[in-house]
Amino acid sequence: MSDRATIKLYDENSYEKEFTATVQSCTVCGDFFKVVLDRTAFFPEAGGQIGDNGFFIVDGKEIEVFDTQIVENVIEHYTKEEIKENTTITGKLDWIPRHTKMQNHTGEHIVSGIINRKYGFDNIGFHLGRDDITCDYNGALTWEQVKEIEVLSNEAVFEGHEITTWYPDPADLSKYEYRAKLDLTEGVRLVKIDGVDLCACCAPHVKNTAEVGLIKIVNIEKSHGGTRLHLRCGRTALTDYDEKQVQVLKVQDLLSARQYEVGDCVEQLQKANKHLEWERARMSEKVALIGLQSIEKQNGNLVMELDAADTDALLAFANGGREKVSGLFVALTKSGEGFRYMITSGDSSIKLSQMAKEINAALNGRGGGKDDMIQGMFNTDLDSITKYFS
Ligand SMILES: [Zn+2]
């Protein structure tokens with residue numbers, strides 16, 4: 001360790017939230033300052049976990065610490081104000097966010113330890129941010145497996161296992177069987193969750209698994225051939241529960257559904273909605289065909305739009321329309337930003353399939369078909385389509 005190395009108070013006691021220290025240096029860096037102390041309880045950004053926030057009290061005045069970083073064992077506290085060298089300060093952690101990170105980090109060790117023991121997968125990536133906590137594993141896990149891991153992890157929480165941390169003698173390291181991301185031989189700090197896990201880690205942890213409160217795995221993703229878990233522990237799990245409950249209660253209220261049946265109710269609503277859409281398309285088809293009957297056969301092309309048409313309605317319309325023109329009958333229905341089209345012709349000598357390329361090029365379209373009908377999408381407005389075919 002270099003003689004500038006900061007004494008890490010959180011190594012010995014992760015619950016030290018207030019401390020006194022002496023400023024070793026204060027360097028201007030753009031519009032903020034990097035303050036180095038002889039000792040600190042602020043945990044810097046490391047191993048995927050964001051740095052601590054808090055305050056320094058200098059002559060009764062609070063100076064905000066908005067980030068903490070580490071460069072070669074020297075911990076830098078970021079402030080907006082300069083503090084003179086050799087000043088004695090009182091450091092105060094923003095405790096609730098810091099303790100929440102401890103809950104989440106210990107939760108991650110419990111989950112990773114259980115996954116490692118059960119499936120042999122390693123934790124190869126970890127991110128502990130303000131809103132999302134992700135853990136990457138080098139093996140595929142199904143939702144079913146993850147649900148079981150969640151149950152086992154929470155049992156480890158409820159059983160209240162003690163957690164201890166220490167720096168073993170490097171000569172003794174080989175005696176321990178522990179999980180580690182890096183192959184270090186010196187300065188290895190071990191975190192032991194009694195009966196659950198042993199892992200090399202530099203971060204502050206809670207002293208008993210019961211303090212983690214709850215472990216919830218809210219999402220899983222496939223990631224580089226392995227699995228990414230999105231984790232919520234302690235207060236983060238409670239916030240997640242709160243936010244989801246707000247959404248469930250809203251749906252419950254809107255659908256007059258029972259809280260535990262909102263999913264089924266939405267499914268039924270979606271089915272009913274699809275049926276209504278189908279009925280509307282049949283109605284639109286009927287009205288369009290009746291409308292076509294009243295049109296006299298005309299020379300040239302005819303462009304007509306059909307409201308709320310599905311494939312069957314547009315097809316019936318396009319086929320009905322071919323009787324009414326000597327040129328092209330262009331049946332349209334709105335779809336997204338453009339129009340879905342089906343084109344027929346009253347003149348059987350016109351080979352529509354050969355015209356598709358030119359029509360699509362002119363109207364920013366795509367599609368094709370047979371000699372007697374082409375279909376696709378025009379990504380343009382109705383005016384341009386009407387103008388083109390007139
Ligand atoms: Zn860790």
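For this chain, numbers begin at 1 and follow the sequence in order. Start at 1 and go down the list; that is how both ligands and their atoms are numbered. Predicted, not measured: the structure shown is a model, and the values here were computed from it.
- Residue His205 does not count as close to the Zn ion (ligand 1), with no N, O or S atom under 2.8 Å.
- Taking backbone and side-chain atoms together, His109 has an N/O/S atom less than 2.8 Å away from the Zn ion (ligand 1).
- Residue contacts to the Zn ion (ligand 1): Cys202 brings no N, O or S atom closer than 2.8 Å.
- Between Phe378 and Tyr341, the ring-plane angle classifies as parallel under the 30° and 60° cut-offs.
- A salt bridge does not link Glu323 with Lys297: every distance from a Lys NZ or Arg NE/NH1/NH2 to an Asp or Glu carboxylate oxygen is 4.0 Å or more.
- Between the side chain of Asp59 and the backbone N or O of Lys61 there is no donor-acceptor pair closer than 3.5 Å.
- Ring pair Trp95/Tyr15 is tilted by interplanar angle, where 30° to 60° counts as tilted.
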